[in-house]
Amino acid sequence: MQLALKRVTSPQARRHHLDLYATDAAAEVERLLGLGAVRVEWQYEADADYVVLADPDGNRFCVVQKG
């Protein structure tokens with residue numbers, strides 16, 4: 001798995017954004033949901049390769065399909 005941190009400039013977003021890159025994003029999403037993450041309602045583009053989740057404290061992050 002890879003990890004990426006991005007500085008966020010949007011006034012509505014938090015001060016950081018975390019991307020987790022996984023070779024099997026669907027399995028990683030299920031694993032994280034089992035650990036307490038929740039899905040975030042998001043308007044995905046048709047070819048989206050990521051899923052937006054939030055940790056138990058409400059911090060959003062993305063799980064991205066690697067490759």
Side-chain angles (χ1 to χ4, degrees):
M1 181 182 311
Q2 284 181 298
L3 172 70
L5 294 172
K6 298 178 185 177
R7 182 177 295 175
V8 177
T9 58
S10 168
Q12 296 178 346
R14 300 189 188 266
R15 296 185 335 213
H16 67 277
H17 179 83
L18 178 70
D19 285 338
L20 299 174
Y21 291 84
T23 54
D24 186 347
E28 186 62 15
V29 166
E30 291 305 314
R31 185 183 79 80
L32 292 166
L33 292 172
L35 293 172
V38 294
R39 291 182 185 269
V40 172
E41 283 195 35
W42 196 262
Q43 292 199 357
Y44 295 96
E45 54 275 358
D47 60 347
D49 63 349
Y50 64 94
V51 175
V52 182
L53 300 176
D55 70 17
D57 290 329
N59 300 300
R60 292 181 178 185
F61 62 96
C62 293
V63 178
V64 183
Q65 179 62 47
K66 186 176 176 180

>> With rounding to the nearest 0.5 angstrom, report the CH2 to SG distance, W42 to C62.
In response: 6.5 Å
> Does some side-chain heavy atom of K66 sit less than 4.5 Å from a side-chain heavy atom of D24?
Replying inline: no
> Shortest non-hydrogen contact from G36 to P56?
Replying inline: O-CG, 3.7 Å
> Listed by chain and number, what are the side chain to side chain contact (heavy atoms under 4.5 Å, CB included) partners of A48, not counting sequence neighbours?
Replying inline: Y44, E45, Y50
>> R39 vs L33, test: side chain to side chain contact (heavy atoms under 4.5 Å, CB included). Steps then yes/no.
In response: CA-CA 8 Å; R39 291 182 185 269; L33 292 172; 3.9 Å; yes
>> R60 vs L53, test: side chain to side chain contact (heavy atoms under 4.5 Å, CB included). Steps then yes/no.
In response: CA-CA 6 Å; R60 292 181 178 185; L53 300 176; over 6 Å; no
> Mind checking what makes side-chain hydrogen bond (donor to acceptor under 3.5 Å, both in side chains) contact with Q65, not counting sequence neighbours?
Replying inline: none
> Atom CZ of R31 and atom CG of L35: how far apart are they, to the nearest 0.5 Å?
Replying inline: 5.5 Å
> Would you find a donor on one side and an acceptor on the other, under 3.5 Å apart, between the side chain of D57 and the backbone of N59?
Replying inline: no
> Who pairs with V38 by side chain to side chain contact (heavy atoms under 4.5 Å, CB included), at least two apart in sequence or on another chain?
Replying inline: A54
> Any side-chain heavy atom of F61 within less than 4.5 Å of one from L32?
Replying inline: yes
